[in-house]
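What follows is a single structure, written as C-alpha cells, with notes after it.
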Amino acid sequence: MNKLVKSYIIKQNVTENQMKWIKGEVSMGNVRVRFAPSPTGYLHIGGARTALFNWLYAKHNNGEMILRIEDTDLERLKEDSVSQIISSMKWLGITWDEGPEVGGDYGPYFQSQRLDNYREACDRLLAEGKAYYCYCTPEELEANREAARKAGLPPRYSGRCRQLTAEEVERFNAEGRKPVVRFKVPTEGVTVVNDIIRGEVTFDNTILDDFVIMKSNGIPTYNFAAVVDDHAMGMTHIIRAEEHLSNTPKQILIYKALGYDIPQFAHVPMILAPDRSKLSKRHGATSVEEFREQGYLPQAIVNYLILLGWSPEGDNEIITLEQAVKEFSLEKVNKSAAIYDTTKLTWLNGVYMRDLPLDEVVKHALPFYIKEGLIPEGYSVQDIQRVKEVAEKVREREKTLVDLAKASSYFFRFDYTYEEKGVNKYFKKDGAADILRKGIGALKAVYEFTIENTEEAYRKLIEETGVKSGDLFHPTRLAISGRTTGPGLFDIMVLIGKEETIKRMEKAVEYIEKANFAV
RNA sequence: GACCCCGUGGUCAAGUGGUUAAGACAUCGCCCUUUCACGGCGGUAACAGGGGUUCGAAUCCCCUCGGGGUCACCA
C-alpha cells in the first residue's frame, strides 16, 4: 500500500468494504468512471488523453466506462460536435460501456435530457434552506464585480439575496425577473479535496461565494449537473483535467449538501501547447481530427498520449493498449503539465507505419492515396492491391500517411519532373546518357523481371564496363522515379515493371541529350 | 489581484535522503549502404534560484521567481 492510499484511509471514513477493496482483498469490479465532454467542438488531444486515462483505469480494474454528453450550454453548442467526438473516440479505439449509441441502465446520457433530475435535487436544496433564489440581474452583478475589482477585492457575490423579504420577492416577480438558484456556501471552515494524483488539497470556504447552480432558464450549471449526474450514475472515480481542481471544492460542498457519497478524484495534468499556453486553434493541429488529416495513425496518437503524464515500466516506450491496460495506475500519473511535441508523435507514427500489419496501414492510407489522385474514390480490389505493393516498400522510410502517399506517386504515374539537385549531380555528369543506354540494354536482356535478376544484370554490367556502381544506380533512380531517394532501386524497377522501366529510362536519355548538358 | 496546482536537458520522462542523475524524441558525429529511411556506436545537454533540516539532499521545510489553472446565469 502506498503512502497516498494510507493517507486516504486516515483522512476519510472509509467503509470496511472500501478498505478491503483498497487492500486488494476483494476483486474490483465496481469501478465506474466517465468521460464527460461538452459538445462545443472537436475532440482535442487533451480531451482524448483524459478519455484514454479513464478508459485505461476502467479496463485495468474491470470497471465500466461511461460517456456522458454535457450539453447544458445552449449557446456554445455546436452542430455535429457530438458525432465528431464520438467518431474521434472510435477511431482512437476508446470505447464506452454506457452512453450515446450503446445505452445503459443509467441513461439518458445527455444532460439536456436529464433536466428533471437537476430540478428535483435543486428543489430539495431549496426546501432544506441550502440554496436560495437570487434575483440580481446580470447588470447588477457585473457592476458589483467591477466595483470589487476597482477596490482590489476578489469579485465575489455579495450574498444579497440570501434573505429577501416576501415583499421584495413579490416585487421582483412582479417586475418579471427570472431568478437563478444559488448554493449557500458555508461562511467558515475548509473543504478538502482528496486527490489520488495530487494528494490532499485544502480550500478555505470563505474564498468561495454563493455560486449559481440553476440558471434562470431552468438549466443547471456545470458544477451542479456534474455532481447530480456523477452520483446518479454511480461514478466511483472522477478522472478529469486539472483545470477542474479548483471547481472541486464547490462540488464537494454540493455532494455533502445532497447527502451523497463523495467519489474519489484524480486530476490529471494539462496538456499545453508548445508555447506553454492552453491549447487553442492558433497552435495548429490540436484536435484528433486534424492529426488524422495530417496522416497520423490512431495507434501512434494513442501511444503518444499514454506517454504524456504517465510512463510504463522499463525503457520501452512503444506500448500497446493491452499492455497499458495491464500496467496503468493513477498513482503513477505525474503532476506537472506536459507540452505536446509533434516531433515525437511523428517518430512514433513512423514506428507504427512500418511495424503494424500492412493491411492495417493500407486501410488508413487509402484516403490519402485518393487525395493524392493516385487511386480513384471508387477504388477497386486491384487498386488496393497496388497500394499494398507500393506501400510495403515505401512505408519503411516515411513517417506520415501524407508522406507515404506523396512518396508513392511515381509508382502510379509517369508525369514527374526530375529533381533539380539530381539532374545537376547525375544527369549532367559526362557519359550519363551513355551509361543509361547500357543499363537499358542490360535490362532488356532480363527475361524474368525480378529483383534478383535485375540486380544481377546491373552488377554484371558494372563488372564488364568498369563503371562505378553509383554512376549507374543514381541516374537510373532519377530516371525511373524522378527522385534521388526512395526504396531499393530494383524494388522500384520490379514494381513499375520492365516495359515501364525501360520507357522511363529512354525518356531520360532523350531528356539528357536534348538538354545538351555537356558544355 | 485572490486562491489552487506545478517546476529534472529543447521536449516527454525515470528518480520517494547516499545514483557516474536512467531512458526516449530531437540534435551532432561515425558506421552500415545504390539513395533515403531503418539499424548500430558515440557526443552535446538537466535537478529554476536562495535559505534551512541532515553526516549527506533532485528527493524534506521555508522564501523568491517562473509557468499553468480557477474565480461566469461556460464547461
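Keep in mind the model is a prediction, meaning the values are calculated, not measured.
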Using a cut-off of 4.0 Å on non-hydrogen atoms, how would the nucleic acid contact of A/Glu317 be classed: base, sugar-phosphate, or nothing?
base

Counting any heavy atom closer than 4.0 Å, what does A/Arg483 reach on the DNA or RNA strands: base, sugar-phosphate only, or nothing?
nothing

Quick check: any donor-acceptor pair below 3.5 Å linking the side-chain of A/Ser246 to the base of B/C3?
no

Atom C1', compared across B/U35 and B/U27: separation rounded to whole Å:
23 Å

How are the rings of A/Phe172 and A/Tyr135 set to each other: parallel, tilted or perpendicular (split at 30° and 60°)?
parallel

Gap between atoms OH and C1', on A/Tyr304 and B/U11 respectively (whole Å)
7 Å

If only side-chain N and O atoms of A/Thr72 are considered, is one of them under 4.0 Å from the OP1 or OP2 phosphate oxygen of B/A75?
yes

Between B/C38 (P) and A/Asn349 (CG): distance, integer Å:
14 Å

Pairwise P distance for B/U64 and B/A2, with rounding to whole Å
11 Å

Can we say A/Asp209 and A/Arg182 salt-bridge, meaning some charged N sits less than 4.0 Å from an Asp/Glu carboxylate O?
no

Please tell me if A/Arg459 has a side-chain N or O lying less than 4.0 Å from either OP1 or OP2 of B/U34.
yes

Phosphate OP1/OP2 of B/C36: any A/Lys421 side-chain N/O under 4.0 Å
no

Of the listed B/C73, B/C38, B/U34, the closest approach to the A/Arg477 side chain comes from B/U34

Hey, are A/Glu243 and A/Lys278 close enough for a salt bridge, meaning a charged N less than 4.0 Å from a carboxylate O?
yes

Distance criterion of 3.5 Å, no angle test: do you see the side chain of A/Asn247 paired donor-to-acceptor with the base of B/A75?
yes

Complement of B/C60, any strand, by Watson-Crick or G-U distances under 3.5 angstrom:
B/G52

For A/Asn316, report the nucleic acid contact type (base, sugar-phosphate, nothing); a contact means any heavy atom under 4.0 Å.
nothing

Salt bridge A/Lys406-A/Glu398, side-chain N to carboxylate O under 4.0 Å:
no

Write down the distance between CG (A/Asp209) and P (B/G1), rounded to a whole number of angstrom.
20 Å

Counting only Watson-Crick or G-U wobble pairs whose two distances fall under 3.5 Å, which nucleotide matches B/U27?
B/G43

Separation between the C1' atoms of B/A48 and B/C30, rounded to whole Å:
36 Å

Using the closest heavy atom to pick a nucleotide of RNA chain B for each, name whichever of A/Gly488 or A/Ala338 lands nearer the 5' end.
A/Ala338

Pair partner, B/C36 [Watson-Crick or wobble, under 3.5 Å]
none

Identity of whatever pairs with B/C65 - Watson-Crick or G-U, under 3.5 angstrom:
B/G7

What's the closest nucleotide to the A/Arg276 side chain, out of B/G67, B/G68, B/U11?
B/G67

Nearest-angstrom distance from the residue atom CG of A/Leu77 to P of B/A75
10 Å

Are A/Glu317 and A/Lys344 within salt-bridge range, i.e. N to O under 4.0 Å?
yes

With side chain to side chain donor-acceptor pair (under 3.5 Å) as the test, would you mind laying out the steps for A/Arg240 and A/Thr248 before giving the verdict?
CA-CA 11 Å; A/Arg240 60 186 13 164; A/Thr248 308; 3.3 Å; yes

What nucleotide among B/C38, B/U35, B/C73 has an atom nearest to a side-chain atom of A/Lys399?
B/C38

Quick one: which of B/U35, B/G7, B/U70 gets closest to the side chain of A/Ser336?
B/G7

Using the C1' atom in both, what is the distance from B/A57 to B/U33, to the nearest Å?
50 Å

Give the nucleotide from the list B/A26, B/A75, B/U11 with an atom nearest to the side chain of A/Asp341.
B/U11

Considering only the P atoms, how many Å lie between B/U70 and B/G43, rounded to the nearest integer?
44 Å

Just checking A/Gly314: base, sugar-phosphate only, or nothing, at a heavy-atom cut-off of under 4.0 Å?
nothing

In this structure, how many angstroms lie between the P atom of B/G23 and the CH2 atom of A/Trp347, rounded?
14 Å

With rounding to the closest Å, how many angstrom separate the P atoms on B/G67 and B/U54?
35 Å

If you look at every strand shown and take non-hydrogen atoms under 4.0 Å, does A/Gly470 touch a base, only sugar-phosphate, or nothing?
nothing

Identify whether any heavy atom of A/Thr221 sits under 4.0 Å from a base atom; if not, whether one sits that close to sugar-phosphate; answer base, sugar-phosphate or nothing.
sugar-phosphate

Taking OP1 and OP2 of B/A75, is either one under 4.0 Å from a side-chain nitrogen or oxygen of A/Asn223?
no

A/Lys344 side-chain N/O to B/U27 phosphate OP1/OP2 under 4.0 Å
no

Any donor-acceptor pair under 3.5 Å joining the side chain of A/Glu243 to the base of B/G68?
no

Taking the P atom of each, how far is B/C63 from B/C6, in whole Å?
14 Å

So, OP1 or OP2 of B/A14: does either fall under 4.0 Å of a side-chain N or O from A/Ser311?
yes

Charged N-O contact under 4.0 Å between A/Glu142 and A/Arg145
yes

Whole Å only: how far is the NZ atom of A/Lys468 from the C1' atom of B/U35?
15 Å

May I ask you to say what A/Pro274 touches in the nucleic acid, namely base, sugar-phosphate or nothing, with a heavy-atom cut-off under 4.0 Å?
nothing

Looking at A/Asp73 and A/Arg76, is there a salt bridge between them, counting it only when a charged N and a carboxylate O are closer than 4.0 Å?
yes

Over how many whole Å does the gap from A/Arg34 atom CZ to B/A75 atom C1' extend?
11 Å

How are the rings of A/Tyr416 and A/Tyr418 set relative to one another: parallel (under 30°), tilted (30 to 60°) or perpendicular (over 60°)?
perpendicular

When all nucleic acid strands are considered with a 4.0 Å heavy-atom cut-off, which category describes A/His244: base, sugar-phosphate, or nothing?
base

Taking it one step at a time, do A/Glu140 and A/Arg177 satisfy salt bridge (Lys or Arg N to Asp or Glu O under 4.0 Å)?
CA-CA 13 Å; A/Glu140 290 168 347; A/Arg177 289 200 189 191; 3.2 Å; yes

Could you work out the separation of B/G7 and B/G49 based on their P atoms and round it to a whole Å?
14 Å

What's A/Val180 touching, base or sugar-phosphate or nothing? Going by heavy atoms closer than 4.0 Å.
base

Using purine N1 to pyrimidine N3 plus N6-O4 or O6-N4 for Watson-Crick, or N1-O2 and O6-N3 for G-U wobble, both under 3.5 Å, which nucleotide pairs with B/C73?
none

Quick one: look up who B/A14 pairs with, Watson-Crick or G-U, both distances under 3.5 Å, and put none if it's unpaired.
none

When you measure from the side chain of A/Asp315, which nucleotide among B/A22, B/U70, B/U34 comes out closest?
B/A22

Nearest to side-chain heavy atoms of A/Leu489, which nucleotide of B/A14, B/U34, B/C73:
B/U34

Under 4.0 Å between any heavy atoms, over every strand shown, what does A/Thr202 touch: base, sugar-phosphate, or nothing? Just pick one.
sugar-phosphate

I want to confirm an ordering. Mapping A/Ile207 and A/Thr485 to their closest nucleotides on RNA chain B, which one lands closer to the 5' end?
A/Ile207

Rounded to the nearest Å, what distance is computed from the CE atom of residue A/Met270 to the P atom of nucleotide B/C5?
16 Å

Counting side-chain heavy atoms from C-beta on, which of B/C4, B/U11, B/C74 comes nearest to A/Ile339?
B/U11

